[in-house]
Structure formats: C-alpha cells, structure tokens
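Structure first, commentary second.
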Protein chains: 2
Amino acid sequence: MADNALPHVLVIGGGFGGLWATRALASAPVRVTLVDRTNHHLFQPLLYQVAMAGLSSPDIAAPLRHILRRQHNVVVRMDVARGIDVEHRRVRFDGGSLDYDYLVVASGARHAYFGHDEWARHAPGLKTLDDALHIRRHMLEAFEAAERAVDPRAQAEWLDFVIIGGGPTGVELAGTLAEIARHTLPREFRHSDPRRSKIHLVEAGPRVLASMPPSLSDRARRQLERLGVSVHLGKPVTAIDERGVDLGDERIDARTVLWAAGVAASPLGAQLGGDRDRAGRVRVAEDLSLPAHPEVFVVGDLAAVAQDGKPVPGVAPAAKQMGAHAAAMIRERIAGGATRAFHYRDYGNLATIGRMAAVVDLGRLRFSGALAWFFWLWAHVFFLIGFRNRLVVMAEWIWSYVTYQRHARIIIGRRDES
Amino acid sequence: MADNALPHVLVIGGGFGGLWATRALASAPVRVTLVDRTNHHLFQPLLYQVAMAGLSSPDIAAPLRHILRRQHNVVVRMDVARGIDVEHRRVRFDGGSLDYDYLVVASGARHAYFGHDEWARHAPGLKTLDDALHIRRHMLEAFEAAERAVDPRAQAEWLDFVIIGGGPTGVELAGTLAEIARHTLPREFRHSDPRRSKIHLVEAGPRVLASMPPSLSDRARRQLERLGVSVHLGKPVTAIDERGVDLGDERIDARTVLWAAGVAASPLGAQLGGDRDRAGRVRVAEDLSLPAHPEVFVVGDLAAVAQDGKPVPGVAPAAKQMGAHAAAMIRERIAGGATRAFHYRDYGNLATIGRMAAVVDLGRLRFSGALAWFFWLWAHVFFLIGFRNRLVVMAEWIWSYVTYQRHARIIIGRRDES
C-alpha cells in the first residue's frame, strides 16, 4: 500500500490516455487511483474484429488490475464517475466519493447520433465490447433470418447491410462484412445465398477516410468496391427505421444498419467548467491542464488540442502521448518545476479495409493494397497489450486468413435484449 | 439441395443427441432439418470454464451450420420450437411450421429450482453460454465490490460464495473458484484480500458426486477441502435471498450464490403426449421411439431410459449414443427392417475438481488426484469438436496452468441486465 501522505492522483478512464498516464506515474512520489466503469483496458483499434466475429472479447481486452498488478502505487477501482467538483477537488462515484490533489480526466467519447437519438435503436454504434457483441449478434442473426425467410424480398432485406460513416470504423466494417458474405458463409446456407448480400457504405462528405490525403481516400474507395461494397459519397442520412435508411430522396432497404458516423465527448467534460468545442471536447491549456485549475488535466478523445492550426486527431497514439505528458507535468509540478506545452508526434496514419487491402500514410511515403495490409497487421498486433494476446491474435489471423473462417461466430444473448 | 421426394427427418436440438443423430443420417436417403434456438453446438462439459473465466465462448462452441456444411442433406435452421402436433406430424416454430416424416426430439434440459422459481434471481444456474457469461460477470463483480467496500462485514459478504449442489457442475465451480480466489487474484487487489474468500459447497444428500462410488465421493470431498472449499453435506437449502442462503437453522452470508442443484427436462416433452417421469423426461420404448408414435424418437437428457434397472445418466456419451441409435432406427424403418433396443455402453465416469484434482471411475479401475486430472484433461480436449478449438483450448490451459492466470476475466454487460 502506498503512503497516505503522498499526493493523490485520480485518473478517470482506463483507455489509452488514462492507462498511459497511470503507467508514467509508476516511480513518481504519488498515490494513484485509476477508475474505469469496466474492469478492462480495451484495444479499441481491433474492436471491429470482435463485432465481425473474427476475435473474441478477451483477445483485445485485459483486466486493468492485471495489467497494473506490479505497479504498487496504484489502486484500480471499477466504478462509474457521476460528478466532478473542481472547487473542492472531489469526484463522486456510484460507490462513494474520492478526493484528489491532481485529476486526470480521460473518459473518452461515445458514438453520437447528432441529435437523432431515436436512430440508436435501429443503427447500433461501436465503442465498447458490449457494442461489439451487440453488432455481432445483429449481423449473424440477419443471415439466419434470411435463411428462414420464404418471401424473396424479405430475404433480400435481411441480406443487405448499410454502414453509415466513411471513417476508419465504417470502412473496416464494410470491408469485413463483404468478406464474410462472399467468402466465409456461402457454403453453409441452403435456402439463401450470402453472396447476394449488398453492403452499402454511406458517407455524408465527398470521400471516405477524410483524415487521409485525397489520393489514398480514392484508393480506399476503389479497394472497397473491388471487395463488393457499394460506396455512396456526399449522401447525408435523413432517416433510419427498422427496414432501412433514407438518403434524401433515395431509399436503401436493409434490415441491418450500423452506425459509424460520429462521436461525442464524454459528458464528464461538461462538469469541468471550462470551454468546450462543438463535439463537447474540453479546450485545455498548452500543457493539457485546465486554465482555471492547473491541477486538472484532460487527455485523449475528451481533450480539444490544436497543433499547427490543426486539431490533434482522436487516435490511440495521440491519447497515449497526452496521458504520458499529463503524468510528466504532474511530476514536474510536484518537483516545483514549470510545465511544458504538449507536442504531438504524428508517426503516420493507417486504415485497413479488408483482406489484403489497406492504406498507409507515413507523410512522404504512401502506399496501399497488400503491402499496406501487412504493415497494418504488424503494427496492430505489435501494439496489442499483453504477450499472450499478441500470440493468440496472430494465430487466429493466420488461421482465418488461410481458411477464410471466423472463429467467433457465436450468437450470445437475444436480439430483443439490449 | 436435397430431393423433396425423400422422407423428411426433423431434429430438434443441436446438442450431443441431436447433432449425433444428424451426422449419423449423412448417407441415409432422407432430407434432414436440424433446428436449434441458438446458432451453435456447445461442448457442455467445459461450460464451467467459460463461467470461471478460463475459456472464451468460441473455444467451446461452433456454429452448427459450419460443423454440418459438408453434409448436403441437412438444412440448419435457427428457430424456437413452440408446439409439436404428433397427430399431424407437424412442429410449430417462431418462424413458421415444418412437417416431418420422422421426428427426433433432443431438446435437453434446463436447470430447475424445484418449485422455487423465485430463487432464480439470486442463484443463477449454468446450462447455456448466456448463463456462463452471467455467472462470470457475477463472480468477477463480487471481487470488484469487495475491493470498493469500506465496511469489513460487507467486504466479507462480497468475498464469500455459496455453490448449491454437489454434482459434477457444483464440484467444478467450487474447486475452480477456490483456485481463482487463492492463486489468480491475490496480488491484484489493494484494499481486499481474495485469499480470505470462503467457498461453500452445499449438498442436500450425504455425499458429493452421488453417481460415483462412495470411495471416490469421499476422495473428491477431501480434494475440495484441500483446495479450501467448505463442504456442507446433508444440508438442504430452505431459502435464498440476495445476502445469502438458509440451510434450515443454519445461515451462510454471501452475496454470490450459484445454482448447480437440479435440472428439469425441456417443456417440449410435455407435448409428445406420452408418459413422463418426475423430472419431466419422456418414457420411451426400448428403441427410443414413442410407444404411440414409432416415427418419433426422443434422445439425450429429455429421454428417460432404464438399463439393468438403473437410469441411463444424463451425460454427453449417453446422448451421443442415443442420437446415433435413433438415426440407425430411422434408416432401419425406411429400409423396412425392424428396430432394436438401445444399449448404453458405459465407458466410465470422471469428474474434475480443480488444479491437479479429479476422480476417475472406469469400473474396476478407480483413481484420483493428479493422474486423474491429466486423464480428464486429455479426454475433454480430445472430444472437443473442431480441430482449431482443441489446439487453442490446450494452449490456453497450458498457459493458465503455468501462470495461474485466466485470460477471459472480462466483464461484459451490466449486473442489472439479464
């Protein structure tokens, strides 16, 4: 147990931002409490693989207290933060309140429906493991319903899928769904033909992967189309119901609609009293602290940080760097030193599309296709937390690559629940 | 697609009985429809490992249509049977009705509370993957709640566990829970000490593993006690609430109570119009058909079959043998031959208790301890369906054996759901 006289650092959120902040405080003269509403750290970049039945939940998640078991200045607590009182330096949780000397808020973002919360019922989003299992169930049950359907039109509606949002998650979901429909399932159905599935990717803006250079967006679109995905660009969604979506005058009938179009910052940001941007992100000072409360740091997807006039993107490397920076600044403050501005080091941008299809942007070096896919695979498996997971995930990918199979095609729970 | 003029065999249930019946009809001149409410075959003997966070769901489950993809005379359908009309040879499902020429009912059993359905809320049972994930969540959240608890008595209640029922499932759960509390978790908690967990195994009868010879029951009890389990024999449960259980005058306080005490046959048995035993199992003729309807066969846990004056036990080998026998009798009938009596070949009985602890009864040869445990491990991994699962499960067990870790310690869903 840590010395109670030491300053108490409270970290909210066990994602990349919060976990990296906690780890960077390992040898600091502080007590740390890391609180998350779940019991695990999630490797979010591979979450779509759980949704698409390629990986199991434990392949991409590890208990936070297991990851931190040897860091003796940390207490891990599974609890839900309900209120932050920056004046009295206290956070209220479901299971009681905790006082802090320094606070790191890393509670991230959720998917958001831009004021259309009623769409949530028909178009589930993907941010947590529960979301992923929910989408997996919808996807697998749609193929089962198609097999049972007697009417050809009803069958077609069950076989068709709409993915809304052409960012990395939407592109990953569309490409993987196309692969499942064309390669994984066909021989296993007798009354329906999964190869007749239509996979629609709908994007309001003019191109997919808008954070990439236009040339790579274009290559990504072409790779998607080669995999069998219909890409609809410049088409904002105007309505969603249980039978399909409206894009203005155009209608796409499909029983399964997935949402990958937008995120909103965690509501905890609103309790910090500072300035926020349109997506609810907290505008922080250069050193990532709150201007009015230098003992409070905001990191990861919840923080609005600009660099060279551009916002720092909501990606895992940025969250890790912010977490480590906040930890360093807390050490600096305790030592009586001055804090420094955060500087984001951008090592590049990559997105996967499907089997042997990806795009990679390393600044001067840009490439796509099979080489990009292997680069993406290596980078993601390399960064997976925990030695065992890395081996298992690698083995599972080699297996599914050779056989086209996806081992996690198990429907858990019922459609009408959750 | 199969020839529509061929006789139609409808199989209800994709467990050991139904799946083995279906496979044994591979080269028969029939069309087969296999219907299950889930999309997977479950390797039930390892289900407790999913509940105890040692294995993931896909490790012990495989999609039925994947298993049967090369058997072209089978249609797999995910649907729920609601009514059987033996007079008109028709079964009503949620998704429509199907007529049959031969019917194999293999819908198994559920856990049952002996008229105390109100106990279900406080003492979840273990029969499906959903049950296993529910128990996993309860178990992991209890340790999290203990870590948050301020009051020592509340903490003790969260650390204590009661398992009701001293059959194979109860013994497996108790032994594994003791291992988790003593070996897997201790270094990861700061405010609570999982080693102070008390694991109570409560059995109404005079011994655990009642289907084993008394000498092995006694050895199993001693092995459980060595692992740290308190075994309560001859103690029927009289009440269960959210804070613990009553055993007559005795009270055990515990926030987590698991039910492994009894099963009842599937309610579909009641629709067959025949005679049933006290647990709702259908009394079948010697050849496993219904006396009044020789075209209807009942196999697996739903069938009440006696041999040499003793009931055939509700275990996987018996269900597989019954399924294969029913299929052979259908072929015999179609060929115009006479049916034969089912004969159960009992190859022995084994039960695992925990790390290096098991009991094996092969008739003349009986043994327990480490050797029995390796024998059990070999037998179970060998029988796991699907080559990949076998390798992955083996690797996972070697890993958790060496490290004492359990990789699936991921809480999914919320306690107040399901």
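Throughout, protein chains are lettered first and strands after them, A, B, ... in sequence-line order, and every chain is numbered starting at 1.
Using a 4.5 Å cut-off between heavy atoms, B/His66 touches chain A through backbone and side chain atoms alike. A/Leu68 touches chain B through its backbone: at least one of N, CA, C or O sits under 4.5 Å from a heavy atom, while the side chain does not. With a 4.5 angstrom heavy-atom cutoff, B/Leu42 does not touch chain A via any of its atoms. If you measure heavy-atom distances from B/Phe189 to chain A, the contacts under 4.5 Å come from both the backbone and the side chain.
Counting all heavy atoms, side chain and backbone alike, B/Arg65 lies closest to A/Glu188 at NH1-O, 3.2 Å. Looking at every heavy atom in both residues, A/Val75 comes nearest to B/His191 through CG1-NE2, 3.7 Å. Shortest non-hydrogen contact noted between A/Ile410 and B/Pro58 is CG1-CA, 4.0 Å. Annotation for B/Arg409 and A/Asn39: closest pair O-ND2, 2.8 Å, computed over non-hydrogen atoms.
Open room surrounds CZ on A/Arg37; 12 or fewer heavy atoms of other groups in view lie less than 6.0 Å from it. Counting non-hydrogen atoms of neighbouring residues, nucleotides and ligands closer than 6.0 angstrom, the CZ atom of B/Arg90 reaches no more than 12 such neighbours.
The closest donor-acceptor contact from the side chain of A/Arg190 to the backbone of B/Val76 lies at 3.5 Å or more, if one exists at all. A donor-acceptor pair is defined here as one N or O able to donate and one able to accept, closer than 3.5 Å; such a pair exists between the side chain of B/Arg148 and the backbone of A/Met78.
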Going by atom type alone, with no hydrogens or angles, which donor-acceptor pairs under 3.5 Å involve a side-chain atom of residues 43-53 of chain B and a protein atom two or more places apart or on another chain?
unit_1	atom_1	unit_2	atom_2	d
B/Gln44	NE2	B/Lys127	O	2.7
B/Gln49	OE1	B/Arg406	NH2	2.6

